[in-house]
Structure formats: structure tokens, C-alpha cells
Amino acid sequence: MNRSSIPATLIPGDGIGPEVVEATVQVLDALGAPFEWDVQQAGMAGVAATGDPLPDATLDSIRKRKLALKGPLTTPVGGGFRSANVRLREEFQLFANVRPVRTLVPGRFENIDLVLVRENLSGFYVAHEHYIAVGSDPKAVAVSTGVNTREGSKRIARFAFEYALKHGRKKITVVHKANVLKLLTGIFLEAAREVAKEYEGRVEMDDMIVDACAMQLVLNPWRFDMLLCTNLFGDILSDQLAGLVGGLGMAPGSNFGTDAAIFEAVHGSAPDIAGKGIANPISLMLASAMMLDHVGLGDLAERLRTGIDATLNVDNVRTGDLKGSATTREFAAAVSRRVAA
């Protein structure tokens with residue numbers, strides 16, 4: 001390949017992370033090694049190396065390269081450790097989370113092709129919480145306060161509409177609970193409507209209450225094209241979307257800020273199967289395809305997606321969660337053969 005490798009941070013992660021990362025790097029190498037990796041640690045591996053689940057060296061690497069691919073991270077229990085994933089979002093102001101899903105293996109919902117855009121920094125997901133004492137009970141009342149801003153809501157809405165234009169999407173459904181959370185999600189809906197006016201005639205917008213949306217995603221998911229969600233609703237519905245196409249192992253994730261982008265497997269570290277060589281690496285492989293799109297290598301991204309499809313449905317090479325018998329490495333080798341062909 002007559003292209004210079006693009007500098008990027010690589011975080012193997014915890015549990016099955018190193019296994020799915022190894023598989024993904026193997027496939028990317030078969031595509032011509034488009035990235036030059038700086039390998040860093042985070043999560044439990046970061047704690048083991050430095051005592052911090054998000055070491056300074058890892059942060060410095062991402063600041064320098066502005067691009068990262070990471071496996072799943074485990075947050076240590078106790079010790080006052082905060083989620084490394086949340087810290088990454090805050091550190092790099094990764095305000096937009098993008099979760100596309102599409103049908104890869106027949107047998108569940110056919111012809112699913114949806115994209116969820118989630119606001120990543122506000123709302124109840126990053127709520128400010130405290131207890132109020134009553135009598136002798138210091139934790140008698142729990143109080144949670146979420147914050148959405150008009151500026152932040154417009155920023156994520158504009159990101160979603162620009163994404164729609166770039167990727168040929170025609171309609172965005174804004175998901176909210178403005179009938180009850182009239183201010184917190186009402187401002188999100190109002191801001192989206194303001195932004196939508198700038199895109200009239202190019203991208204359609206409608207809105208739906210979150211509980212109705214959850215039901216319709218089961219009854220008739222084909223009515224949707226893109227979903228634009230607040231932080232908490234996006235967290236919940238993105239997993240529901242993954243369930244439509246076979247689970248979290250089939251769904252990639254990406255996080256975008258002004259100065260950095262981080263691509264990830266959205267499933268957990270699955271310590272129960274770590275080291276057994278049976279993990280499904282598709283989520284991270286598809287995340288790396290999104291990464292290729294992001295850096296302008298859409299031709300390689302399409303080769304990778306096509307290679308995964310052919311491996312699953314032509315070669316019938318699948319991992320155990322997809323009712324196959326392939327190991328992680330065998331699946332990676334099969335995809336590598338496809339993308340190198």
C-alpha cells in the first residue's frame with residue numbers, strides 16, 4: 001500500500017481485550033497496516049503498571065496522536081477509582097458517541113441498518129448525586145441532578161445532522177422524555193428543532209418519547225434511520241439496538257471530540273472467557289472500520305466490512321456465540337484472507 005501509516009494509540013484493555021485487539025490488528029495488517037501503533041495501558045492493566053487505570057502516558061499518547069483504538073476496560077472495584085471510559089470522555093471532551101448497527105448474520109431481525117448518536121457528556125448519566133439525612137438515617141433520601149445545556153444540545157444535534165449528510169442518512173428521530181422531564185430533555189428537543197431548520201430539505205427530523213421508541217424498536221425497527229439521544233437514553237437504547245443484530249459483540253462504537261477520536265468495542269471485558277481464545281472480535285473490527293472512515297480511508301473500511309460479511313455468510317466461519325466453532329484467531333485469519341484477496 002502506497003500510503004504512510006497514520007500514528008494512533010492502541011489500548012489492549014482487560015479480559016478478552018488483548019485477544020480481540022490482536023485479532024483486529026492482524027486484519028488491519030492484512031489491509032496494509034494503515035496505522036502506526038503506540039501501545040498503551042488502561043483499566044486493570046493500567047493499575048498493574050502504574051497504580052492508575054488511566055496512566056498519564058496513555059493520556060499523553062492520545063493527546064499527541066488524537067486517535068485511538070481501545071479494547072474493553074475494567075474499572076477496579078473500590079479504592080475510589082472512577083470509570084476510565086468516563087474519564088476519557090471528559091479528558092478529551094468526547095461529546096459525541098456513535099453506535100451503528102446492521103444485520104450481519106441472518107436469523108434475528110433482517111435488514112437492520114441504524115445509527116444512534118448519543119450526547120456523551122451531560123444528562124443523568126453524569127448526574128450530581130447526594131444523600132439527605134432524615135432522623136438517624138444519613139441516607140434516607142437520594143437526590144440526583146442532571147444537566148443539559150442548550151449549547152451542548154445544539155452541538156450534538158449539529159454533529160448528528162452533519163453525520164447524516166456525510167453518510168447518506170435521510171431522517172433523524174430525536175428521543176426524549178419531554179412530557180415528564182420537561183426542562184432537562186425539553187431543552188434537548190428544542191435545540192434539535194432549532195438545528196433541524198438549517199437542514200430542511202436535506203435531512204428530515206421527527207421526535208419520539210423514549211418509552212415509545214423502545215417499543216417501536218422491537219415492533220418495527222425499520223421505521224428508523226438515525227436516533228439522536230440524550231446521554232442516559234442513548235446508553236440504554238444503543239444496547240437495545242445491538243440486541244436487534246445479535247448482541248454487543250456485533251456492534252462497534254466511536255467517540256468524537258473537537259480534537260480527538262476514540263474507537264472501541266462496546267462490550268465488556270468478559271473475564272469469564274478471557275484467555276480461552278473464543279471471544280468474538282467483530283465489534284472491535286467494525287470499530288476499526290469506523291476509524292478508517294474517520295481518517296479518509298473509506299475504501300479500506302469497505303473492504304474490511306465486506307470481508308467480515310463474507311467470512312460469516314460465505315465461508316461460514318463464526319465464533320461460538322454465533323453458533324460456530326472458530327477460535328478468535330481462526331476468525332481473524334479468515335477475515336485477513338478475505339481482505340487481502
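These numbers come from the heavy atoms of this one structure, side chains and all, not from hydrogens, waters or symmetry mates. In this chain, numbering begins with 1 at the start of the sequence shown. Quick caveat, the model's predicted, so the values are computed rather than measured.
- No donor-acceptor pair closer than 3.5 Å links the side chain of Arg89 to the backbone N or O of Leu94.
- More than 12 heavy atoms of other residues, nucleotides or ligands sit less than 6.0 Å from atom CZ of Arg150.
- Using a 4.5 Å cut-off on side-chain heavy atoms (C-beta onward), Leu165 and Val203 make contact.
- Between Pro271 and Thr74, the closest side-chain pair of non-hydrogen atoms is not below 4.5 Å.
- At least one donor-acceptor pair under 3.5 Å links the side chain of Ser288 to the backbone N or O of Met285.
- Looking at heavy atoms from C-beta onward, Val39 lies in side-chain contact with Pro12 at the 4.5 angstrom threshold.
- Under a cut-off of 6.0 angstrom, the local environment of CG in Leu183 is sparse, with at most 12 non-hydrogen atoms contributed by other residues, nucleotides or ligands.
- Formation of a donor-acceptor pair under 3.5 Å by the Asp225 side chain with backbone atoms of Lys170 is found in this model.
- No chain of hydrophobic side-chain contacts below 4.5 Å, direct or via other Ile, Leu, Val, Met, Phe, Trp or Tyr residues, connects Met290 to Leu248.
- Around the CD atom of Glu151, the shell of radius 6.0 Å holds no more than 12 heavy atoms that belong to other residues, nucleotides or ligands.
- You'll find the side chain of Phe233 reaches within 4.5 Å of the side chain of Thr185, heavy atoms only.
- One N or O on the side chain of Asn148 and one on the backbone of Gly123 form a donor-acceptor pair closer than 3.5 Å.
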Go through the steps to decide whether Val314 and Arg338 satisfy the test side-chain contact (heavy atoms from CB on, under 4.5 Å), and finish with yes or no. CA-CA 11 Å; Val314 177; Arg338 278 286 177 176; 3.3 Å; yes
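- With a 4.5 Å cut-off on side-chain heavy atoms, Leu184 and Thr230 do not count as touching.
- Within the 4.5 Å cutoff, the side chain of His130 has heavy atoms near those of the Ile132 side chain.
- When side chains are defined from C-beta on, Leu121 counts as touching Arg155, because their heavy atoms get closer than 4.5 Å.
- At least one side-chain heavy atom of Arg99 sits less than 4.5 Å from a side-chain heavy atom of Asp239.
- The closest side-chain donor-acceptor pair between Asp52 and Thr50, if any, does not fall under 3.5 angstrom.
- A donor-acceptor pair under 3.5 Å is absent between the side-chain atoms of Thr58 and the main chain of Leu54, judged by distance alone.
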Show your working on side-chain hydrogen bond (donor to acceptor under 3.5 Å, both in side chains) between Thr173 and Asp206 and close with a plain yes or no. CA-CA 5 Å; Thr173 300; Asp206 67 358; 2.7 Å; yes
